Amino acid sequence: MAFHHALKIQEEVCIGCTHCIKACPTEALRVIGGKANLIAERCVDCGECMRVCPVNAIIIEEDDFSKIFNYEYRVALAPSVFIGQFPRNITSRKIYSGMLEDGFTHVYEVEHSTGILKELINNYLAKNPDIRPVISSFCPAIVRLIQVRFPSLVGNILPVKAPLDLAAIAFRKKLADEGIPPEQVGLFYITPCAAKIAAVKSPVGEKKSPINGVINLNTLYNRIYSVIRREEKAYCVVPEKEQLLPDEMVWTLTGGEAKHINGRCLSIDGMSNAIEFLEKLENGTVGNFDYLEMRACDESCAGGILSTNNRFLVSERLHNRAAQYFIDKNEGKIVDNKSILANRDYIIENASLGTIEPRSIMKLDEDMVQAMRKMKKIEKITNFLPGIDCGACGSPTCRALAEDVVQGRARTSDCVFVSIKVKGGESMNQVVDYTEEIWGKDRFRNMLPE
Amino acid sequence: MSGIGSGITGEMKEMTYAFPIEGGDFIKAGHASSNIKKILNQLSLDPAIIRRIAVAMYEAEVNVVAHAYRGSMKVFISPEKIRVRVEDEGPGIPDIEKAMQEGYSTASEKVREMGFGAGMGLSNIKKNTDKLDIRSTINKGTVVEMTTFTKPKEA
Ligand SMILES: Nc1ncnc2c1ncn2[C@@H]1O[C@H](COP(=O)(O)OP(=O)(O)OP(=O)(O)O)[C@@H](O)[C@H]1O
Ligand code: SF4
Ligand code: SF4
Ligand SMILES: [Mg+2]
């Protein structure tokens, strides 16, 4: 099976420093030939590796902006954290007018769908009292993390589409109802992270995403901010636009989802927090919870890898916008009867996710006897290694190197200490030769005597 | 992995691992079970079976932490079955049948404050294993042995 990953390691920039291989929660990265390499089936698109790269060698591949002009009707599906990037004195109307100026014909906020989603979640909980806790399907990195590292919990994932998909379905329907031919409509999601790109390009639990492309939130922010600043004079007329309700605005922030769900709920953000909790959950030791809101990023989507501004500021800005909602006249009309409700039944009919398959990355072999054999070998090699997890072999830990050796991805002599020990009689020159295969040519030349 | 005494007998017939359990330390409770769970995951056991074993192991481990002084958790892995033996030095269980009843607990105030002591542990273990064997000697200790068959419905 092919997994689409949006993150791309720029070979010419990567200095092969091991920061990323250590940060990855699924041990999906190795250094080979002096460059970071991705083991595709392991990656959950969380972006932790990007955060720690000291030279920004890991980038997010995005669709070319001009792709939007392939469509007559160009819809920006914007997450509220996009608005949260802007200082409070820039009204959301101004931001939208900037987006229209930039080439979009429509702007629709993803979180308009959360009212219906909230209903769907509460219904699902009521109808399935045996499945507890139900884990939100919101964050694609979490869904993927569960698939690969906590396969026994896939049955706990909410089988309902995320707000993004529901909003896409809703807006597509709305335009179709207006008589617009579907093939002329392009839906573009402004993404705060790599995980949502993966969700669009290789969705889990659905065959094909209803979204046509993704735009990097950071890139768009920079464009729009400069458009707005250029146009300080007056903002162009914004067509009548529905405003997000305060609760909808903060749905993607930590706690924004859980507070609408009946029963005992928890909100967990941050990759290591999620892993710690899922670990406990698998042991059945966390008590009786009904629902878990779980997001890979600290401060949820405000902390997305493509969120331009500091996550705490973005979160605060959005909370402020939500709080001032009813008193802010510049924001435009407050619509009581949301247009999305006109297609409520249609959206509900199309809201289910198919089965989410476990795909454990931990299995050493499909066959248990083979797996036991490999395990034995791994333990033997691990005992032999120094156990300092230095990363100099290109694998994140000594244990991971042992696994790589047994799986045919590496050699024991990739360990510099083993190599020095085994080739003890030989010159430093030769040791340097051995390490070049991992660390790239000439990297250790300066360690040699003149 | 800090498994002590990992060994193997015959041609890949059985693998064993042992982990110590410290009495009274609730922060570390779950350490042994977690390590064994990791191993079972790597050995490509069915996730549903691993989850049942994990729940049973954890309950047995917490019982040592809550009710005994110290102990160990040993796992014997073969392609047919997973056997987990939790052994402790402790007060022992005077009436095992009674202890097995849902809701029966002698847990101290301190243990209850930690959120344990509902008296559900042993029955939970029973529910999640195919074979359960408990032996106990007063003022000496308890041995809880849980067996799970790797192929569903073979029990
Ligand atoms: N290893 C042990 N040593 C001594 N006594 C034990 C041990 N395991 C269980 N018991 C006794 O059996 C009782 C019932 O155990 P069980 O695990 O079912 O409930 P609990 O530990 O009291 O509460 P819970 O497991 O719900 O937190 C305990 O209260 C204790 O008296
Ligand atoms: S995105 Fe996450 S899972 Fe993928 S390689 Fe980077 S750190 Fe690992
Ligand atoms: S928390 Fe939000 S921004 Fe972060 S990975 Fe998940 S969906 Fe993306
Ligand atoms: Mg107990």
Side-chain angles (χ1 to χ4, degrees), chain A residues 26-27 131-132 146-157 275-289 356-383 385 387 389 397-400 402-403 406-407, chain B residues 1-3 5-17 26 29-62 65 77-82 114-116 118 120-121 124-125 127-128 150-151:
Chain A
T26 56
E27 297 189 335
I131 305 177
R132 287 296 184 275
I146 292 173
Q147 285 182 293
V148 303
R149 263 192 73 173
F150 301 95
S152 77
L153 297 175
V154 289
N156 292 61
I157 300 172
I275 289 171
E276 186 187 327
F277 199 86
L278 291 169
E279 192 79 48
K280 285 205 180 337
L281 186 59
E282 223 179 23
N283 294 349
T285 59
V286 288
N288 304 317
F289 282 93
I356 300 171
E357 300 289 347
R359 45 180 189 89
S360 168
I361 51 166
M362 296 167 290
K363 289 183 190 175
L364 295 174
D365 201 289
E366 287 300 326
D367 176 66
M368 189 170 169
V369 176
Q370 281 306 329
M372 286 170 76
R373 280 209 183 93
K374 287 184 178 172
M375 185 70 130
K376 216 59 234 168
K377 282 191 200 146
I378 289 168
E379 280 162 8
K380 231 190 199 145
I381 298 169
T382 308
N383 285 338
L385 296 173
D389 297 341
T397 62
C398 295
R399 168 91 188 187
E403 289 178 17
V406 169
Q407 301 292 22
Chain B
M1 208 143 302
S2 59
S6 146
I8 189 144
T9 51
E11 228 304 85
M12 224 33 76
K13 292 257 167 53
E14 193 170 73
M15 294 174 87
T16 65
Y17 295 87
F26 280 95
H31 193 76
S33 324
S34 248
N35 278 318
I36 295 176
K37 193 175 72 185
K38 253 181 233 156
I39 294 165
L40 297 180
N41 268 318
Q42 290 202 296
L43 295 181
S44 78
L45 245 75
D46 176 8
I49 293 180
I50 295 179
R51 197 168 174 190
R52 292 180 69 219
I53 297 176
V55 170
M57 280 192 301
Y58 181 80
E59 289 290 1
E61 185 174 357
V62 170
V65 176
I77 304 167
S78 76
E80 296 77 39
K81 60 176 189 262
I82 311 297
M114 302 294 302
F116 301 98
M120 297 302 290
N124 221 354
I125 293 175
K127 247 183 270 163
N128 284 290
T150 53
K151 315 255 169 5

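Naming convention: chains lettered A, B, ... in sequence-line order (proteins, then strands); numbering from 1 in each chain. Just so you know, these numbers come straight off a predicted model, no measurement behind them.
Between chain B and the options A:Thr382, A:Ile361, A:Val154, A:Asn156, heavy-atom pairs under 4.5 Å are most frequent for A:Asn156. With respect to chain B, the highest number of heavy-atom pairs below 4.5 Å among A:Glu403, A:Lys374, A:Lys280 belongs to A:Glu403. Contact count versus chain B (heavy atoms, under 4.5 Å) is highest, among A:Ser360, A:Ala371, A:Gly155, A:Ser152, for A:Ser152.
We find the CE-CD1 distance between A:Met375 and B:Ile39 to be 5.0 Å, quoted to the nearest 0.5 Å. Expressed to the nearest 0.5 Å, how far CD of A:Glu279 lies from OG of B:Ser33 amounts to 10.5 Å. Taking CG from B:Leu40 and CE from A:Met368, the interatomic distance works out to 7.5 Å, rounded to the nearest 0.5 Å. Here B:Ser34 contributes atom OG and A:Glu282 contributes atom CD; the two are 8.5 Å apart, rounded to the nearest 0.5 Å.
The contact between A:Glu366 and chain B is made entirely by backbone atoms, counting heavy-atom distances below 4.5 Å. Residue contact with chain A, scored on non-hydrogen atoms closer than 4.5 Å, is absent for B:Ile50. For B:Leu45, the part sitting under 4.5 Å from any heavy atom of chain A is the side chain, from C-beta outward, and nothing else. Using a 4.5 Å cut-off between heavy atoms, A:Asp365 contacts chain B through its backbone alone, with no side-chain atom that close.
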* **Working for side-chain contact (heavy atoms from CB on, under 4.5 Å), residues B:Arg51 and A:Leu153** => CA-CA 9 Å; B:Arg51 197 168 174 190; A:Leu153 297 175; 3.5 Å; yes
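Listed here is the closest heavy atom pair of B:Lys37 and A:Asn283: NZ-OD1, 3.1 Å. The two atoms that bring B:Ser44 and A:Lys363 nearest to each other are CB-CG, 3.3 Å, heavy atoms only.
Judged purely by atom type and a 3.5 angstrom limit, A:Lys376 has no side-chain atom pairing as donor or acceptor with the backbone of B:Met15.
Counting heavy-atom neighbours within 6.0 Å of A:Lys380 NZ, excluding the residue itself, gives a total of 12 or less.
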